[in-house]
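Along the sequence shown, residues carry numbers from 1. Excluded from the calculations below are hydrogen atoms, water molecules and symmetry mates; all remaining heavy atoms, backbone and side chain alike, are included.
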Amino acid sequence: MKASLFLGLLSLVLIAADKPKDIGAQDRQKLQGAWQFVQELHGDSDTSDEGKHCQFIFDGDKFTVKKDDKEILSGTFTIDTAKSPAQIDLKILKDDEEERNGQTSLGIYQLDGDKLKVCACEPSRDQRPGEFATKGTDLLMVVMERVKK
């Protein structure tokens, strides 16, 4: 009797339990597509003129960076929206200079409709930015707008 009661309760618990929710699924869906660089800051330098020729493309869990339609960087990404600010990890699988292949850049992001801001460290650093600021650092921050079809 005790065993059947235990099994019955266990069955109810298992039936009632949802699959773990992917709390980043909504943001991951909103990130999908192409984003045009509108501002790029690297440390104390404003590199926006160079960055305006770049697009960041999210496709599933993959990303590609193109400059003048030439792929210069690609890899995979993960996000964590439970953190504040939301976090993004960019694992570089293909770098046109090859020096960063296999490394991960730790970053934060802010998504506001069709505007996206990403601040990230160099892949060789193991320290995530805590805020959207680059002055006095070697961080890279990019502000992007969604490319309209």
Side-chain angles (χ1 to χ4, degrees), residues 10-149:
L10 182 60
S11 296
L12 285 175
V13 168
L14 292 175
I15 290 170
D18 271 341
K19 290 181 183 176
K21 293 184 180 180
D22 181 357
I23 58 175
Q26 199 171 23
D27 267 16
R28 189 174 6 271
Q29 185 60 35
K30 290 177 184 177
L31 288 171
Q32 300 301 299
W35 298 82
Q36 183 69 47
F37 285 34
V38 294
Q39 184 180 28
E40 180 180 281
L41 303 170
H42 195 203
D44 294 331
S45 302
D46 185 336
T47 53
S48 296
D49 286 340
E50 182 179 328
K52 287 183 180 177
H53 300 279
C54 295
Q55 281 192 350
F56 201 108
I57 301 152
F58 292 97
D59 184 14
D61 67 344
K62 295 176 176 39
F63 75 89
T64 304
V65 178
K66 290 184 176 182
K67 182 174 183 180
D68 297 323
D69 292 324
K70 179 185 178 233
E71 183 179 306
I72 60 171
L73 193 69
S74 64
T76 60
F77 75 98
T78 58
I79 59 173
D80 185 349
T81 58
K83 303 285 196 281
S84 183
Q87 297 181 350
I88 187 165
D89 292 350
L90 303 161
K91 182 168 186 182
I92 299 167
L93 300 177
K94 182 180 172 197
D95 176 9
D96 66 343
E97 298 174 15
E98 297 184 10
E99 63 193 40
R100 299 179 286 187
N101 289 349
Q103 296 181 356
T104 300
S105 179
L106 305 177
I108 55 176
Y109 76 95
Q110 181 179 35
L111 180 60
D112 184 17
D114 287 338
K115 290 203 181 274
L116 174 63
K117 186 186 301 186
V118 176
C119 186
C121 69
E122 289 293 327
S124 57
R125 287 188 57 210
D126 193 22
Q127 185 174 355
R128 187 180 309 279
E131 60 184 348
F132 294 96
T134 64
K135 290 224 183 268
T137 72
D138 63 348
L139 297 174
L140 173 69
M141 184 166 61
V142 180
V143 178
M144 298 173 267
E145 292 180 349
R146 182 178 300 283
V147 173
K148 305 288 184 181
K149 292 182 182 182

Flag if over 12 foreign heavy atoms under 6.0 Å of CG, Asp44: yes

Glu99 CD: over 12 foreign heavy atoms closer than 6.0 Å: yes

Stepwise side chain to side chain contact (heavy atoms under 4.5 Å, CB included) check, Leu90 with Leu73: CA-CA 11 Å; Leu90 303 161; Leu73 193 69; over 6 Å; no

Worked check of side chain to side chain contact (heavy atoms under 4.5 Å, CB included) between Lys91 and Leu93: CA-CA 6 Å; Lys91 182 168 186 182; Leu93 300 177; 4.2 Å; yes

Side chain to side chain, Thr81 and Tyr109, heavy atoms closer than 4.5 Å: yes

Salt bridge present between Asp114 and Lys148 (N-O < 4.0 angstrom): yes

Step-by-step side chain to side chain contact (heavy atoms under 4.5 Å, CB included) determination, Leu116 to Arg146: CA-CA 8 Å; Leu116 174 63; Arg146 182 178 300 283; over 6 Å; no

Asp68 atom CG: more than 12 heavy-atom contacts under 6.0 Å: yes

Arg28 and Phe77, any side-chain heavy atoms less than 4.5 Å apart: yes

Donor-acceptor pair, side chain of Asn101 and main chain of Asp95, under 3.5 angstrom: yes

Residue pair Met144, Val142: steps toward the side chain to side chain contact (heavy atoms under 4.5 Å, CB included) verdict: CA-CA 6 Å; Met144 298 173 267; Val142 180; 3.5 Å; yes

Backbone of Glu40 reached by a side-chain donor or acceptor of Ser48 within 3.5 Å: yes

Identify all side-chain donor-acceptor contacts of residues 118-129 below 3.5 Å with residues at least two apart in sequence or on another chain.
{"residue": "Glu122", "atom": "OE2", "partner": "His42", "partner atom": "NE2", "Å": "3.2"}
{"residue": "Arg125", "atom": "NH1", "partner": "Asp138", "partner atom": "OD1", "Å": "2.6"}
{"residue": "Arg125", "atom": "NH2", "partner": "Gln127", "partner atom": "OE1", "Å": "3.4"}
{"residue": "Arg128", "atom": "NE", "partner": "Gln87", "partner atom": "OE1", "Å": "3.4"}
{"residue": "Arg128", "atom": "NH1", "partner": "Ile88", "partner atom": "O", "Å": "3.3"}
{"residue": "Arg128", "atom": "NH1", "partner": "Asp89", "partner atom": "OD1", "Å": "2.8"}
{"residue": "Arg128", "atom": "NH1", "partner": "Gly107", "partner atom": "O", "Å": "2.8"}
{"residue": "Arg128", "atom": "NH2", "partner": "Asp89", "partner atom": "OD1", "Å": "2.9"}

Residues in side chain to side chain contact (heavy atoms under 4.5 Å, CB included) contact with Lys94, at least two apart in sequence or another chain: Glu71, Ser74

